[in-house]
Protein chains: 2
Amino acid sequence: MFEQLGLIGCGLMGGSFALALKRAGLVKRVVGYSKSPSTTERARQMGVIDVEAPSALLAVSGADIVLLAVPVAATEATFKAIKHLVTPQTLIMDVGSTKRDVVDAARRVLREHVGSFVPAHPITGKEVAGVEHADPDLYAGKQVILTPIERTLTAHLQRATEVWSALGCNVLQMSPESHDAAFAAVSHLPHLIAFAMINGISSQDKGRDYLSLAGPGFRDFTRIAASDPKVWRDIMIANKEELLAQSKIFQRTLQAMELMIASGNGDALEDLIGQASETRAHWRMASSRPHK
Amino acid sequence: MFEQLGLIGCGLMGGSFALALKRAGLVKRVVGYSKSPSTTERARQMGVIDVEAPSALLAVSGADIVLLAVPVAATEATFKAIKHLVTPQTLIMDVGSTKRDVVDAARRVLREHVGSFVPAHPITGKEVAGVEHADPDLYAGKQVILTPIERTLTAHLQRATEVWSALGCNVLQMSPESHDAAFAAVSHLPHLIAFAMINGISSQDKGRDYLSLAGPGFRDFTRIAASDPKVWRDIMIANKEELLAQSKIFQRTLQAMELMIASGNGDALEDLIGQASETRAHWRMASSRPHK
């Protein structure tokens, strides 16, 4: 049980964490700060937070657990804003989709207190942003990846694992580097492709007509294209090497299939489609396995 | 009310049509044929068809409505198999995802009876194939595109419109060429991308690990990658010019975004992501509008 959650960033991810923590009876009081005062006010009106803090530093004041839920490029500035009130007793976590840049920022800014920071990436989200979409069930049944470094304090890592487990999450650990390589492939690249495909269609003279005809396959394929621009700008730039490497592999595979289509090589094309179809048909989202 | 549906291809699309037509009380008897006798037998056991026909021709014998629900490359051979029993009174439709190739096959084979054929593309589907997934609700609330040619008989076009409307579909008309251009962009390209992306990931040494970490965004983005290999092989080769043109536009857009990522041009990247996000957030699937 925590006395006070200091929530920095009261949007979808942060707001949902606060609601989940409250519902689980794990926190007495949530003090929240958002860059936009209207967001902070809205979060209080909705009962997502109990107290509005006028600064990130004041949200941390008195907190024994702190969650950073800001676009990843804002992580370093946020650490700077709060570092004077960070103690070895404070558990600090984030929810960023990239981990190397976040860990680097923590090392640079938190210095001797870097052990209080447990980098976290919950594998969940919605294609709509903002505190009005905050949902206490957002994390339930999902995976959370923790990427501790050698200086992370074991006690904090343990508490972080307990908190996410109490919210119904399946908690995994890996290095920041392995995390960023994996999510470039299965998350950052799909987002980049979805954004590019939508823009490619709407740039055409008949793009609007085409979009009006699209059906349920298109709907699901492009759902992630509605994601938050600032959040995804930061992720793509923070993880650019891995993302560009994955995009290159993807384009090479795409171009190999294009050649088969152009030459009418139906057998080879059917083989490749068959491989993809079988892989996808047997794939199961890890989080849908019963939580142990 | 029809006396007899001759169903050629008792898979997901054909089986669902038979079930929907029966439930709506629009047909007295369904005679079905599939290339695989075990499929035809299964369809009869499930009540999807009433009588198993030993050939496509015998499925058409006595039918006043015929549905071709076969991979598009099998259309011409199917027309050849049935043409001797086609009369001006028979309404023939298909459910293929490409229309120019199907219309060309109808002209070549049906000749003076081509007016009986009303090319149809229902914008629906599932990522699982086979009669065991046939569903009388598959077409309800979805769009159906009819692509008549100048020789299509008005009476048949009218009856086709009535049949699909009676199944709860929103019926549109366009030329085969416009249809194929639009669906290259909003359906065939997304499928090609999804197949290529899955194969690109699973070709990597750590591909299996990466896939095991993927979350709900990946799940929805790649749902269509589990689609039927033969069906999609045919669609991609049948519509290759339009598909490859769309793939080129997509790759150009993707590469422009890659340059912004590589150079760390966050403002330009955010603008492009913002355009895509706004377009997608405002997009609504036509079929989700109340049916008039």
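The structure presented is a predicted model; accordingly, all values stated were derived computationally and were not measured. Residue numbering restarts at 1 for every chain, and letters A, B, ... go by the order of the sequence lines.
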Contacting region of A/I201 [heavy-atom separation from chain B under 4.5 Å]: side chain
Non-hydrogen atoms of A/N199 and B/L272 that approach each other most closely: ND2-O, 2.9 Å
Donor-acceptor pair, side chain of A/S277 and main chain of B/S227, under 3.5 angstrom: yes
B/S202 and A/Q275: side chain donor to acceptor below 3.5 Å: no
Heavy-atom proximity to chain B below 4.5 Å, by part of A/R252: neither
Proximity breakdown for B/L172 and chain A, heavy-atom pairs closer than 4.5 Å: side chain
Structural part of A/I224 lying under 4.5 Å from a heavy atom of chain B: side chain
Residue part contacting chain B, namely of A/E127, when any heavy atom lies under 4.5 Å: neither
Nearest non-hydrogen partners of A/A214 and B/V186, listed with the distance: CB-CB, 3.8 Å
Shortest non-hydrogen separation from B/Y210 to A/Q246 and the atoms involved: CE1-NE2, 3.9 Å
Interface moiety of A/K206 toward chain B, non-hydrogen atoms closer than 4.5 Å: neither
Closest non-hydrogen atom pair, B/T222 against A/R280: OG1-NE, 2.7 Å
Under 4.5 Å from a heavy atom of chain B, the part of A/A73 involved: neither
Whether B/F221 and A/F221 hold their rings parallel, tilted or perpendicular, with breakpoints at 30° and 60°: parallel
Toward chain A, the part of B/E241 with a non-hydrogen atom under 4.5 Å: neither
Proximal component of B/W283, with respect to chain A [non-hydrogen, under 4.5 Å]: side chain
Per-residue contact mode, A/D271 against chain B (heavy atom under 4.5 angstrom): neither
Residue part contacting chain A, namely of B/Q204, when any heavy atom lies under 4.5 Å: side chain
Point-to-point distance, once rounded to the nearest 0.5 Å, from CD1 of B/I193 to OG1 of A/T253: 12.5 Å
Contact class of B/A181 relative to chain A, heavy atoms under 4.5 angstrom: both
